[in-house]
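What follows is a set of notes on a single structure, which appears directly below.
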Amino acid sequence: MSPSRILVVGSTGKTGRRIVRQLTGSGHQVRGASRRSDPPFDWTEPATWPEALRGIDAAYLSYHPDLAAPGAPDAISGLVSCAAELGVRHLVLLSGRGEQHAQHCEEIVRGSGLSHTLVRTSWFAQNFSEGHLLEPVLGGTIALPAGTVAEPFVDVDDIADVAVAALTDERHAGRLYELTGPRLLTFADAAAEMSAAAGRRIGYVAVAPEQFRATLTESVGPEYADLFTNLCTEVFDGRNASLGYGVQEALGREPRDFTDFCRTVAASGVWRP
Ligand SMILES: NC(=O)c1ccc[n+]([C@@H]2O[C@H](COP(=O)([O-])OP(=O)(O)OC[C@H]3O[C@@H](n4cnc5c(N)ncnc54)[C@H](OP(=O)(O)O)[C@@H]3O)[C@@H](O)[C@H]2O)c1
């Protein structure tokens with residue numbers, strides 16, 4: 001597959017920007033795609049897709065806001081058809097572990113006839129440092145409808161490493177990788193680790209889904225509140241309380257540990273309020 005022209009959809013996001021950085025650093029021709037790229041790419045505007053896909057050999061697909069969103073199957077299906085028409089050879093789909101709707105989208109890619117790799121991941125550690133949980137961490141309290149469930153938080157640097165391998169090495173074609181971190185932690189465990197690294201108290205409060213939905217509705221509106229609450233209810237029911245071995249299978253090494261993630265983020269100053 002190498003050297004190739006590679007499209008990274010979601011190029012300004014947590015996974016995409018790392019993938020772009022790595023690919024560019026190793027001399028690949030990379031085209032980033034998001035609403036801010038030139039030309040812009042928008043999942044809600046199919047007319048923007050052909051321009052992004054033309055002349056591309058392999059594409060990384062990170063859907064926004066989530067493969068569980070109502071428009072996702074149609075968008076994935078449409079984009080995959082467009083990619084096939086334009087001669088894209090290989091697709092790498094970022095997917096969510098234990099998410100029924102995400103797995104429906106995986107099936108669309110699997111059934112496309114195109115070469116593909118499915119990268120199915122647990123919760124990102126970087127949700128606490130670059131995502132929607134940074135603000136609660138800075139405020140000192142993370143409130144989620146996650147009870148005492150254990151989650152094997154995955155480091156986004158590992159996702160990027162696997163995605164880059166899948167985009168550039170055909171040995172990953174046809175594979176489904178379940179990426180997790182090397183350890184199960186409850187959210188209380190994760191908060192304790194972040195507290196130790198940050199040198200101040202970061203607490204975790206388990207809230208009921210309805211309370212979570214109500215609070216979220218005030219800040220992001222009912223549509224996102226429903227999507228995110230339903231997602232949490234689904235993935236935090238215990239189904240993901242086990243380790244996956246995708247990092248080991250794809251890269252032949254152990255995944256990064258949550259303690260190392262905490263140490264790196266604390267040293268960067270991001271968790272200083
Ligand atoms: N967070 C987790 O724990 C987790 C776990 C499993 C799976 N996932 C999946 O990961 C994906 C998100 O990946 P990420 O965390 O790397 O991204 P991210 O940090 O959430 O960033 C979103 C990216 O999508 C772009 N974007 C937003 N709206 C868009 C639109 N309408 N059309 C085109 N691009 C748009 C953004 O760029 P612009 O603003 O420039 O458009 C940005 O590049 C989601 O599909 C999610 O389901 C997340």
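- A donor-acceptor pair under 3.5 Å is formed between the side chain of His90 and the backbone N or O of Ala166.
- Of all the heavy atoms in Ala102 and Ser95, the pair that sits closest is CB-OG, 3.5 Å.
- Taking the six-membered ring where tryptophan is involved, the planes of Phe261 and Phe258 are tilted, since the angle between them lies from 30° to 60°.
- Counting heavy atoms from C-beta on, the side chains of Gln22 and Asp161 come closer than 4.5 Å.
- The nearest pair of heavy atoms linking Met194 to Cys262 is CG-SG, 3.8 Å.
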Notebook entry, point to check: Given Arg120 and Gln103, is the side-chain contact (heavy atoms from CB on, under 4.5 Å) satisfied, shown in steps?
Noted result: CA-CA 9 Å; Arg120 188 191 282 173; Gln103 271 133 51; 3.4 Å; yes
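- Side-chain contact between Phe212 and Cys232 is present, with at least one heavy-atom pair separated by less than 4.5 Å.
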Item checked: Trace of the side-chain contact (heavy atoms from CB on, under 4.5 Å) decision for Ile56 with Leu86 -> CA-CA 8 Å; Ile56 289 296; Leu86 290 168; over 6 Å; no
Note to self: Applying side-chain contact (heavy atoms from CB on, under 4.5 Å) to Thr15 and Tyr60, what does each step give before you reach the verdict?
What the structure shows: CA-CA 10 Å; Thr15 57; Tyr60 172 75; 2.8 Å; yes
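- Minimum interatomic distance between Ala191 and Gly203 (heavy atoms only, all atoms of both residues): CB-C, 4.1 Å.
- Remark: Leu216 CG to Glu223 CD distance equals 12.5 Å, nearest 0.5 Å.
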Indicate every side-chain donor-acceptor pair of residues 65-79 with a distance under 3.5 Å to a residue at least two apart or in another chain.
residue	atom	partner	partner atom	Å
Asp66	OD1	Ala68	N	2.9

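- For the pair Leu167/His28, no side-chain contact is recorded, criterion being any heavy-atom separation below 4.5 Å from C-beta on.
- Looking only at atom types and distance, the side chain of Thr233 has no donor-acceptor partner in the side chain of Arg213 under 3.5 Å away.
- Between the Ser11 side chain and the Ala33 main chain, a donor and an acceptor come within less than 3.5 Å of each other.
- Following chains of ILVMFWY side-chain contacts shorter than 4.5 Å, one can reach Val119 starting from Val8, so the two form part of one hydrophobic cluster.
- Here the shortest heavy-atom pairing between Arg54 and Arg31 reads O-NH1, 2.9 Å.
- Looking only at side-chain heavy atoms (C-beta outward), Leu134 and Glu130 stay at 4.5 Å or farther from each other.
- Using modelled atom types, one finds no donor on one side chain facing an acceptor on the other under 3.5 Å when comparing Tyr204 with Thr186.
- A distance of 8.5 Å separates CZ of Arg263 from CG of Asp257, quoted to the nearest 0.5 Å.
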Margin query: The test is salt bridge (Lys or Arg N to Asp or Glu O under 4.0 Å); show your working for Asp158 and Arg253 and say whether it passes.
Written below: CA-CA 10 Å; Asp158 283 338; Arg253 65 158 174 81; 2.8 Å; yes
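- Following chains of ILVMFWY side-chain contacts shorter than 4.5 Å, one can reach Leu114 starting from Tyr63, so the two form part of one hydrophobic cluster.
- Residues Phe187 and Phe236 place their aromatic rings such that the two centres sit under 6.0 Å apart.
- For the pair Phe153 and Phe124, the minimum side-chain heavy-atom distance is 4.5 Å or more.
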Check: Are Ser34 and Arg17 close enough, and set up right, to give a side chain to side chain donor-acceptor pair (under 3.5 Å), and what steps lead you there?
Finding: CA-CA 11 Å; Ser34 81; Arg17 60 176 173 261; over 6 Å; no
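- Linking Ile, Leu, Val, Met, Phe, Trp and Tyr residues whenever their side-chain heavy atoms come within less than 4.5 Å places Val162 and Val20 in a single cluster.
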Note to self: Using the rule given for side-chain contact (heavy atoms from CB on, under 4.5 Å), can you reason through Ser62 versus Leu94, listing the C-alpha separation, both sets of side-chain angles and the distance that settles it, and then say yes or no?
What the structure shows: CA-CA 5 Å; Ser62 149; Leu94 174 63; 4.2 Å; yes
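- One finds the CD atom of Glu99 at 13.5 Å from the NE2 atom of His104 (value rounded to the nearest 0.5 Å).
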Going by atom type alone, with no hydrogens or angles, which donor-acceptor pairs under 3.5 Å involve a side-chain atom of residues 136-152 and a protein atom two or more places apart or on another chain?
residue	atom	partner	partner atom	Å
Glu151	OE2	Trp123	N	2.8

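- With hydrogens and angles disregarded, a donor-acceptor distance shorter than 3.5 Å links the side chain of Arg200 to the backbone of Trp271.
- For Glu107, the CD atom sits in a packed shell: over 12 heavy atoms of surrounding residues, nucleotides or ligands are nearer than 6.0 Å.
- Side-chain contact, Thr12 with Arg36: a donor N or O sits under 3.5 Å from an acceptor N or O.
- When every heavy atom of Leu91 is checked against every heavy atom of Ala83, the shortest pair comes out as CD2-CB, 4.3 Å.
- No chain of hydrophobic side-chain contacts below 4.5 Å, direct or via other Ile, Leu, Val, Met, Phe, Trp or Tyr residues, connects Leu7 to Ile19.
- Contact detail for Arg239 and Glu234: the closest heavy-atom pair is NE-O, 2.9 Å.
- Taking a 6.0 Å sphere around CZ of Arg201, one finds it holds 12 or fewer heavy atoms contributed by other residues, nucleotides or ligands.
- Tyr245 belongs to a hydrophobic cluster with Leu184, Leu243, counting contacts under 4.5 Å between side-chain heavy atoms of Ile, Leu, Val, Met, Phe, Trp and Tyr, direct or through other members.
- Residues Leu118 and Leu251 fall into different hydrophobic clusters, defined by Ile, Leu, Val, Met, Phe, Trp and Tyr side chains chained together at heavy-atom separations under 4.5 Å.
- Between the side chain of Asp169 and the backbone N or O of Ala165 there is no donor-acceptor pair closer than 3.5 Å.
- No donor-acceptor pair under 3.5 Å is formed between the side chain of Arg18 and the backbone N or O of Ile159.
- Put simply, the side chain of Ser115 never gets that close to the backbone of Ala173: no donor and acceptor are under 3.5 Å apart.
- Note that the CG atom of Leu93 and the CZ atom of Arg110 stand 10.5 Å from one another [nearest 0.5 Å].
- Using a 4.0 Å cut-off between a side-chain N of Lys or Arg and a carboxylate O of Asp or Glu, Arg89 and Asp57 qualify as a salt bridge.
- With values rounded to the nearest 0.5 angstrom, Glu135 atom CD is found 8.5 Å from Ser219 atom OG.
- You'll find the side chain of Leu23 reaches within 4.5 Å of the side chain of Thr168, heavy atoms only.
- Between Val9 and Trp43 there is a side-chain heavy-atom pair separated by less than 4.5 Å.
- Interatomic distance, CG of Asp157 versus CZ of Arg256, reported as 4.5 Å (0.5 Å rounding).
- Under the 4.5 Å side-chain criterion, counting only non-hydrogen atoms from C-beta, Val265 is not in contact with Gln126.
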